[in-house]
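To start, the structure under review is shown below, and the notes come after it.
Residue numbering restarts at 1 for every chain, and letters A, B, ... go by the order of the sequence lines.
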Number of protein chains: 2
Amino acid sequence: MKPKNSLNPALVVERALAIVDTEGLDGLTVRKVADAFGVTPMALYWHFANKEALLAAVGDAVVSSLRIPDEDLPLEDYLREAMTSLVDVMRAHPSASPLVAQQIMQAEVGRDLTERFLDKLSLAGFDVERSAAVAHYTLQIAMTLVSREPGAELAFKPELRQEELDRKRAMLESLPEDRYPRLRAAADAMIECANTDEYYADGIAIFVAGVMADAKTLAEA
Amino acid sequence: MKPKNSLNPALVVERALAIVDTEGLDGLTVRKVADAFGVTPMALYWHFANKEALLAAVGDAVVSSLRIPDEDLPLEDYLREAMTSLVDVMRAHPSASPLVAQQIMQAEVGRDLTERFLDKLSLAGFDVERSAAVAHYTLQIAMTLVSREPGAELAFKPELRQEELDRKRAMLESLPEDRYPRLRAAADAMIECANTDEYYADGIAIFVAGVMADAKTLAEA
DNA sequence: ACCTGAACACCGTTCAAGT
DNA sequence: ACCTGAACACCGTTCAAGT
């Protein structure tokens with residue numbers, strides 16, 4: 001006798017997110033979620049229209065922990081804090097970061113953050129198209145930093161991980177030293193992040209500096 | 001009577017790339033490629049170890065048309081040209097851009113480009129870790145600009161495309177005007193690129209400016 | 001209202017067999 | 001050397017039926 005009402009959207013999303021965390025986005029299947037509840041795959045279709053809706057709900061759940069920077073901050077600080085906030089939220093569930101990017105506008109917090117960002121961009125001289133583009137870059141680059149962090153592609157095959165890293169290193173070390181000295185010297189740094197926090201801080205700093213350089217150009221024109 | 005030797009890796013890759021172009025990366029299946037040749041799915045396994053190897057070969061094929069910037073260019077111009085070259089190659093086959101990012105180091109042209117880029121970064125004061133990180137950002141951001149170009153996610157459902165765009169616009173236009181004036185004004189710009197070339201030029205310019213700002217900081221230190 | 005069971009149209013891939 | 005055929009363990013999802 002199965003307990004009825006053992007399923008509800010919030011519980012399902014929680015389980016689904018756990019699977020995404022441990023097995024990656026491609027590792028999430030309707031059947032695995034059902035098994036985790038000891039239930040038939042079709043049971044989930046009472047609570048979600050389809051897998052796409054379940055994934056969207058997972059994205060919404062992660063987005064909800066986003067925090068909005070102080071609205072009084074000037075553009076540069078607002079951008080840096082917004083991007084840092086996005087990156088932090090995504091790093092908590094790296095495999096779900098594409099879902100965060102996809103669902104951010106469905107959440108009030110995402111809309112509020114974007115609205116204020118667009119406002120600050122506008123005041124800094126960015127026209128509507130450029131503002132929209134910069135907001136888009138910000139979100140997508142945050143996602144990319146997290147989901148393509150060096151070594152992240154091997155996160156779900158722990159037994160193959162070391163082997164794959166060695167294979168990549170061997171490939172770089174097999175290159176002729178006279179022709180590829182920089183690649184060989186950078187081999188370790190290219191296959192895995194030595195300092196993850198620095199990787200994110202630098203990536204964010206570069207993008208923020210780039211946007212501010214653009215703002216300066218616009219201010220001078 | 002099937003003609004034998006109708007299959008070879010180059011032909012298979014060509015067909016697979018065509019499918020990726022018209023149906024997206026997820027639309028590529030071993031069975032579809034086989035059907036396109038009027039052959040059994042298993043026929044492909046004579047030429048490729050598995051689907052992963054086929055995808056890698058598709059990536060290699062696209063990477064091969066990459067061009068290397070003039071090696072005498074200073075860092076800023078070299079970076080801008082390298083990134084533009086990457087973006088151009090990827091825009092020719094947007095759905096394959098993740099494969100390009102994945103396979104770039106397997107191609108001589110990719111290794112040469114990266115080697116010279118790392119060298120210029122080093123001369124500009126970037127240490128090994130930062131150089132590797134910047135090379136990584138460059139490649140991944142180029143990929144992201146292309147594969148997440150606004151509207152790109154709807155490219156393979158032409159019949160649903162207009163409907164989806166309308167749905168997104170309706171969502172933004174349903175927001176209260178007094179609270180979300182910028183979002184409403186930017187609605188059109190956020191769901192679709194009005195000027196695609198500008199989208200790419202701006203994205204590249206921002207990243208290049210960001211890297212150069214970093215270089216300036218390093219030079220002063 | 002909430003879930004089961006059987007079935008369908010797909011996947012990638014193994015393995016033995018054909019020519 | 002190159003390809004077929006049958007089979008296996010997976011997918012998401014429909015549809016009718018149970019309680």
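For Arg15(A), the CZ atom sits in a loose shell: 12 or fewer heavy atoms of surrounding residues, nucleotides or ligands are nearer than 6.0 Å. The environment of CG in Asp26(B) is sparse: at most 12 heavy-atom neighbours from other residues, nucleotides or ligands sit within 6.0 Å.
Atoms CG (Leu44(A)) and P (dC11(D)) sit 13 Å apart, rounded to a whole Å. A straight line from CZ of Phe37(A) to C1' of dT4(C) spans 17 Å, rounded to a whole angstrom. Rounded to whole Å, atom C1' of dC11(C) lies 12 Å from atom NZ of Lys51(A). Counting to the nearest Å, the P atom of dT4(C) and the CG atom of Leu7(A) are 8 Å from each other. If you measure from atom CG of Asp35(A) to atom P of dC10(D), you get 10 Å, rounded to the nearest angstrom. When rounded to the nearest whole Å, the span between CG of Asn50(A) and P of dC11(D) equals 17 Å. Remark: P of dG12(D) and OH of Tyr45(A) are 6 Å apart, rounded to the nearest angstrom. Counting to the nearest Å, the P atom of dG12(D) and the CG atom of Leu25(A) are 12 Å from each other.
Under the Watson-Crick and G-U wobble criteria, each requiring two contacts below 3.5 Å, nucleotide dA16(D) is paired to dT4(C). With a 3.5 Å ceiling on both atom-pair distances, dC11(D) lacks any Watson-Crick or G-U wobble partner.
One side chain, Ser122(B) or Arg182(A), offers a donor N or O that lies under 3.5 Å from an acceptor on the other.
Taking the charged nitrogens against the carboxylate oxygens, Arg179(A) and Glu115(B) have no contact shorter than 4.0 Å, which rules out a salt bridge. Contact check on Arg167(A) versus Glu164(A) returns a salt bridge, with a Lys/Arg side-chain nitrogen under 4.0 Å from an Asp/Glu carboxylate oxygen.
Of the candidates dT13(C), dC3(D), dC11(C), the closest approach to any side-chain atom of Ser6(B) belongs to dC3(D).
DNA chain D is contacted by no residue of residues 13-24 of chain A, taking any non-hydrogen atom closer than 4.0 Å.
When Glu192(A), Glu163(A), Glu153(A) are each tested for a salt bridge (Lys or Arg N to Asp or Glu O under 4.0 Å) with Lys168(A), only one passes: Glu153(A).
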Just the table, please: protein N/O against nucleotides 5-7 of chain D N/O, every pair under 3.5 Å.
none

